[in-house]
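Any value given below was found using the heavy atoms of this structure, including those in side chains, with hydrogens, waters and symmetry copies removed.
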Amino acid sequence: MIEQHPNYTQYIQQDALEILNNLQVDQKPNFGIMSPQHMVEHLSVSFKFSTKSYGEAPESPTEQHESFKKFIFSDHPFDPSNPDKSKLEALRFENLDQAKEDLAKAIDRFYTFFEENPDAKPYNDFFGALSKEELERFHYKHLRHHFKQFSLVE
């Protein structure tokens, strides 16, 4: 199992945003090529992406879908990115504070979506169809990965 947190919802809605208060605009990453603002904008996109379905889920999950589910329930961390294979997207916001505000809104929309659609399992080709609980584990693990990228958590 991944590092347990007593309440994923609390971590995502409250603790993560408090941790991000320590992120500085000029902070250097331990790995990868993202700036602090790139990282925050990337997290926002992942929350927005996770409440939409892209295509129809197959009748049976693919091996990739099963593998991804095993990964999000495992103690294996995300691999640090390889800068040679990465390409930074253009920044969408004027500054880091605006990006942090957008992330907070994206998190709120994520939880509102599941309050209104408690049985939803948004689908995409890479992740497969995931429930709210599975997506919370993914987001928790993803947040922790990027927080480690910028030494915000150990």
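- Rounded to the nearest 0.5 angstrom, Tyr140 OH and Thr9 OG1 are separated by 12.5 Å.
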- Would you please test Phe73 and Arg137 for side chain to side chain contact (heavy atoms under 4.5 Å, CB included) and show each step? CA-CA 7 Å; Phe73 282 91; Arg137 285 183 177 263; 3.0 Å; yes
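- Side-chain contact between Phe110 and Lys48 is absent, with no heavy-atom pair separated by less than 4.5 Å.
- Judged as a side chain to side chain donor-acceptor pair (under 3.5 Å), the pairs with a partner in residues 116-129 (not counting sequence neighbours) are, in order, Tyr123-Asp125.
- Using a 4.5 Å cut-off on side-chain heavy atoms (C-beta onward), Lys141 and Phe71 make contact.
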- When you look at Phe147 and Asn22, which way does the side chain to side chain contact (heavy atoms under 4.5 Å, CB included) test go after all the steps? CA-CA 10 Å; Phe147 291 172; Asn22 297 315; over 6 Å; no
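- Cluster membership check: Ile19 shares its hydrophobic cluster with Phe150, using side-chain heavy-atom separations under 4.5 Å among Ile, Leu, Val, Met, Phe, Trp and Tyr.
- Side-chain atoms of His145 and Phe31, non-hydrogen and from C-beta on, do get closer than 4.5 Å to each other.
- By the 4.5 Å heavy-atom criterion applied to side chains, Ser46 and His142 are counted as neighbours.
- In terms of heavy atoms, Ala106 sits closest to Ser44 at CB-O, 3.9 Å.
- No side-chain heavy atom of Lys105 sits under 4.5 Å from any side-chain heavy atom of Asp108.
- Met34 and Val45 fall into different hydrophobic clusters, where Ile, Leu, Val, Met, Phe, Trp and Tyr side chains are chained together by heavy-atom contacts under 4.5 Å.
- Rounding to the nearest 0.5 angstrom, the gap separating the CD atom in Gln149 from the CG atom in Leu143 is 12.0 Å.
- Considering all non-hydrogen atoms of both residues, Leu96 and Leu23 come closest at CD2-O, 3.8 Å.
- Of all non-hydrogen atoms in Lys148 and Glu154, the two that sit nearest each other are CE-O, 3.1 Å.
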- Item | Full working for side chain to side chain contact (heavy atoms under 4.5 Å, CB included) between Phe93 and Glu101 | CA-CA 10 Å; Phe93 295 97; Glu101 289 173 21; over 6 Å; no
- Mind running side chain to side chain contact (heavy atoms under 4.5 Å, CB included) on Phe78 and Arg144 for me, showing each step along the way? CA-CA 9 Å; Phe78 280 93; Arg144 301 271 307 163; over 6 Å; no
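- Taken from OG1 in Thr112 to CD1 in Ile107, the straight-line distance is 11.5 Å, to the nearest 0.5 Å.
- Contact annotation: the side chain of Phe127 never approaches that of Glu134 to less than 4.5 Å [non-hydrogen atoms, C-beta and beyond].
- The hydrophobic cluster containing Phe47 also contains Phe68, counting ILVMFWY residues as joined when their side-chain heavy atoms lie under 4.5 angstrom apart, directly or transitively.
- Between Arg92 and Asp102, the closest side-chain pair of non-hydrogen atoms falls below 4.5 Å.
- Between the Gln98 side chain and the Glu94 main chain, a donor and an acceptor come within less than 3.5 Å of each other.
- Formation of a donor-acceptor pair under 3.5 Å by the Ser74 side chain with backbone atoms of His76 is found in this model.
- Sorted by first and then second residue, the side chain to side chain donor-acceptor pair (under 3.5 Å) pairs with a member in residues 25-39 read Asn30-Ser151, Ser35-His38, Gln37-Glu41; sequence neighbours excluded.
- Within the model, atoms NE2 of His146 and CE of Met39 stand 7.5 Å from one another, a figure rounded to the nearest 0.5 Å.
- Going from atom NZ of Lys69 over to atom CD of Glu66 covers 6.0 Å, rounded to the nearest 0.5 Å.
- Tyr8 and Gln13 share no side-chain donor-acceptor pair at under 3.5 Å.
- Going from atom CD1 of Ile12 over to atom CG of Leu135 covers 9.0 Å, rounded to the nearest 0.5 Å.
- In this structure, the side chains of Pro122 and Phe114 come closer than 4.5 Å at one or more pairs of heavy atoms.
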